[in-house]
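The structure under discussion appears below in the form of structure tokens.
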There are 2 protein chains.
Amino acid sequence: MKNNEVPEIVISRLPLYVQTLNQLLRDGKSVVSSSELGDKLKMTSSQIRRDLSYFGGFGKKGTGYDIISLMESLRKILNLNQIWQVVMVGVGHVGQALLNYDGFSRKGFEIIAAFDVSPKVIGKKYGTLEVKSVDDMEKEICTLQVEIGAITVPAESAQLVCDRLVKCGIKAILNYAPVALVVPDGIQVSNIDPVLQLQKMTYYLK
Amino acid sequence: MKNNEVPEIVISRLPLYVQTLNQLLRDGKSVVSSSELGDKLKMTSSQIRRDLSYFGGFGKKGTGYDIISLMESLRKILNLNQIWQVVMVGVGHVGQALLNYDGFSRKGFEIIAAFDVSPKVIGKKYGTLEVKSVDDMEKEICTLQVEIGAITVPAESAQLVCDRLVKCGIKAILNYAPVALVVPDGIQVSNIDPVLQLQKMTYYLK
DNA sequence: TAGATTGTTAATCGATTAACAATC
DNA sequence: TAGATTGTTAATCGATTAACAATC
């Protein structure tokens with residue numbers, strides 16, 4: 001790490017730890033060692049202890065980690081003890097699947113607004129949420145404190161939508177469009193493109 | 001790298017190169033240098049040249065890379081010059097979105113069978129594809145030469161579905177369920193979990 | 001030719017792993 | 001106490017970058 005920042009790759013593993021701890025908890029366990037956790041995640045116990053040590057000491061020597069308290073610590077580090085509001089742009093098939101996906105809300109992410117260009121979906125309701133015209137996007141969200149946006153529009157319009165979201169103060173973007181978005185420094189982008197994933201797997205096939 | 005294998009991280013960048021080359025082509029360019037490509041992808045030109053050099057020399061000194069021929073070479077390396085058949089299990093909201101997503105077929109991935117447990121969707125047609133009962137999965141696909149499976153079932157049943165797919169000869173799995181699947185050596189798994197992506201971004205927010 | 005850019009090697013950087021003293 | 005496992009440091013490993021000769 002450059003100064004005293006935690007490497008991004010370490011951060012990206014924390015949600016996996018939370019997920020696995022949850023699973024262990026559901027299996028009825030209450031304590032776990034770094035090597036058990038490592039087995040589950042196909043990682044070395046060293047790496048897990050090293051990762052955690054960036055944030056402090058969470059275990060008890062000779063015993064391991066209390067699952068609930070470790071999970072709580074990690075959730076606090078990742079800012080997961082709050083409900084994060086999300087704005088969605090594009091209510092095609094992917095957008096609709098996301099609106100219907102309860103995993104979002106169960107994990108603390110709430111879609112509070114959805115926009116589209118098509119009169120076919122504008123006005124449509126998903127639960128209590130009504131799809132609005134993308135023309136009204138700035139008016140609707142720039143005053144709110146939303147920090148997360150989901151882009152589920154076609155590739156051609158993704159960059160434009162992205163620019164507009166950033167202008168409205170969005171700081172993190174979940175991008176479903178198959179394009180590499182250009183954003184200013186300090187804006188997080190996560191790309192979800194199943195085709196890229198498939199294309200790297202086919203290298204190993206045949 | 002251990003022996004003479006290409007590092008996985010290099011492989012994972014190749015589809016991005018293909019994507020960007022496509023974009024440049026659409027913009028009307030026919031030649032690109034490693035530094036231009038690096039600018040687009042926020043990478044150093046060194047890294048791009050190093051990555052490509054694992055597979056040979058594709059450029060011309062003093063000039064750069066012919067976009068079409070580099071793209072063609074990369075597509076061949078990734079085995080993208082064929083149509084890959086995909087079997088899908090789970091036709092809920094996510095599965096339906098995938099069935100309706102034309103990006104799959106446009107990029108050479110064809111969903112040839114879809115299975116579900118629910119009588120509500122069994123028999124339903126998406127284009128020419130009819131959803132079948134998951135009970136018939138083995139009967140339907142074990143004899144085929146499909147190598148790719150998409151798991152779009154709830155978390156609870158994902159591992160079971162995964163085991164059955166592997167038994168049918170599936171070698172690569174696109175997993176939409178929020179669980180870490182356990183698979184035998186040599187089976188590729190790519191996880192698509194938007195929540196994990198969101199959870200690593202929230203670390204940097206607030 | 002002169003300028004540009006590749007392909008490749010060596011240097012650097014960062015991440016992972018091994019080892020072990022501390023201690024529950 | 002003896003056994004187990006943490007937290008941390010040092011060693012190792014692998015990936016990225018810089019540099020440059022080759023050459024289009």
Side-chain angles (χ1 to χ4, degrees), chain A residues 1-17 20-21 24 29-74 77 180 200 203, chain B residues 1-17 20-21 24 29-74 76-77 200 203:
Chain A
M1 63 202 150
K2 216 180 301 169
N3 23 33
N4 64 338
E5 262 179 45
V6 180
E8 209 181 303
I9 194 156
V10 171
I11 303 299
S12 73
R13 283 192 289 259
L14 302 186
L16 281 171
Y17 296 159
T20 307
L21 291 169
L24 289 167
K29 304 207 54 159
S30 63
V31 170
V32 70
S33 69
S34 58
S35 48
E36 284 177 88
L37 203 49
D39 288 348
K40 286 261 174 205
L41 286 160
K42 286 184 195 146
M43 298 168 53
T44 62
S45 60
S46 279
Q47 183 163 53
I48 289 172
R49 294 199 302 280
R50 179 85 248 260
D51 281 359
L52 297 179
S53 76
Y54 281 106
F55 305 97
F58 302 104
K60 202 190 286 189
K61 299 187 187 197
T63 313
Y65 302 86
D66 178 82
I67 293 179
I68 291 186
S69 95
L70 177 56
M71 204 170 69
E72 211 29 66
S73 303
L74 292 176
I77 291 165
K200 80 185 184 210
Y203 172 81
Chain B
M1 58 197 156
K2 215 179 302 166
N3 24 34
N4 64 338
E5 261 179 46
V6 181
E8 209 180 303
I9 194 156
V10 171
I11 302 299
S12 74
R13 284 192 289 259
L14 302 186
L16 281 172
Y17 296 160
T20 308
L21 290 170
L24 289 167
K29 305 207 50 157
S30 63
V31 170
V32 70
S33 68
S34 58
S35 47
E36 284 177 87
L37 202 50
D39 289 347
K40 287 261 174 204
L41 286 160
K42 286 183 196 146
M43 299 170 52
T44 62
S45 60
S46 279
Q47 183 164 53
I48 290 172
R49 293 198 302 279
R50 179 86 248 257
D51 281 0
L52 296 179
S53 77
Y54 282 105
F55 305 97
F58 301 106
K60 202 189 286 189
K61 299 185 186 195
T63 312
Y65 301 86
D66 179 82
I67 294 179
I68 292 186
S69 97
L70 176 56
M71 204 170 68
E72 211 30 66
S73 303
L74 293 175
K76 191 174 285 175
I77 291 165
K200 79 186 185 208
Y203 172 82

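Within every chain, numbering begins at 1; the chains are lettered A, B, ... in the order of the sequence lines, protein sequences first and strands thereafter.
OP1 or OP2 of dT6(C) sits under 4.0 Å from a side-chain N or O of S34(B). Between T44(B) and dT16(D) there is no side-chain N or O to OP1 or OP2 distance below 4.0 Å. Here S46(A) does not reach the OP1 or OP2 of dA18(C): none of its side-chain N or O atoms lies under 4.0 Å away. Side-chain nitrogen and oxygen atoms of R13(B) include at least one within less than 4.0 Å of the OP1 or OP2 phosphate oxygen of dT16(D). Contact annotation: Y65(B) reaches the phosphate of dG7(C) (side-chain N/O to OP1 or OP2, under 4.0 Å).
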Quick one, S35(B) with S33(B), criterion side-chain hydrogen bond (donor to acceptor under 3.5 Å, both in side chains). Give me CA distance, side-chain angles, the key distance, then yes/no.
CA-CA 5 Å; S35(B) 47; S33(B) 68; 3.2 Å; yes

Applying side-chain hydrogen bond (donor to acceptor under 3.5 Å, both in side chains) to R49(B) and S53(B), what does each step give before you reach the verdict?
CA-CA 6 Å; R49(B) 293 198 302 279; S53(B) 77; over 6 Å; no

Output, in order, the C-alpha distance, side-chain angles, deciding distance and verdict of side-chain contact (heavy atoms from CB on, under 4.5 Å) for L37(A) and Y65(A).
CA-CA 10 Å; L37(A) 203 49; Y65(A) 302 86; 5.8 Å; no

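Taking CG of L21(A) as the reference point, atom CD1 of I68(A) lies at 10.5 Å (rounded to 0.5 Å). Separating the CZ atom in F55(B) from the CD1 atom in I11(B) is a distance of 4.0 Å, to the nearest 0.5 Å.
At whole-Å resolution of the value, CG in L37(A) and C1' in dT6(D) are 14 Å apart. Distance, K61(B) NZ to dT23(D) C1': 6 Å, rounded to whole Å. The CD-C1' distance, from Q47(B) to dT8(C), rounds to 15 Å in whole Å. Atom CZ in R50(B) sits roughly 15 Å away from atom C1' in dC13(C) (whole-Å rounding). For the pair Y54(A) OH and dG14(C) P, the interatomic distance rounds to 11 Å; values are reported in whole Å. Put simply, CZ on F58(B) is 13 Å from C1' on dT6(C), counting in whole angstrom units. Remark: P of dA15(D) and CD of E5(B) are 11 Å apart, rounded to the nearest angstrom. Between the CG atom of L70(A) and the P atom of dT6(D) there is a distance of 11 Å, rounded to whole Å.
At the heavy-atom level, S33(B) lies under 4.0 Å from the strands shown only through sugar-phosphate atoms. Within 4.0 Å of I9(B), counting heavy atoms only, lie sugar-phosphate atoms of the nucleic acid but no base atom.
Each of S45(B) and R49(A) was matched to the nucleotide of DNA chain C holding its nearest heavy atom; the match closer to the 5' end belongs to S45(B). Of the two residues near DNA chain C, M43(A) and S53(B), the one whose nearest nucleotide lies more 5' is S53(B).
Residue pairs meeting the salt bridge (charged side-chain N to carboxylate O under 4.0 Å, His left out) criterion with at least one partner in residues 8-17 of chain B, sequence neighbours excluded, are R13(B)-D51(B).
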Could you spell out the base pairing of DNA chain D in dot-bracket, with Watson-Crick or G-U pairs whose two distances are under 3.5 Å, [ ] crossing and | to another strand?
..||||||||||||||||||||||

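Nearest heavy-atom pair across K200(B) and S12(A) is CD-CB, 3.6 Å.
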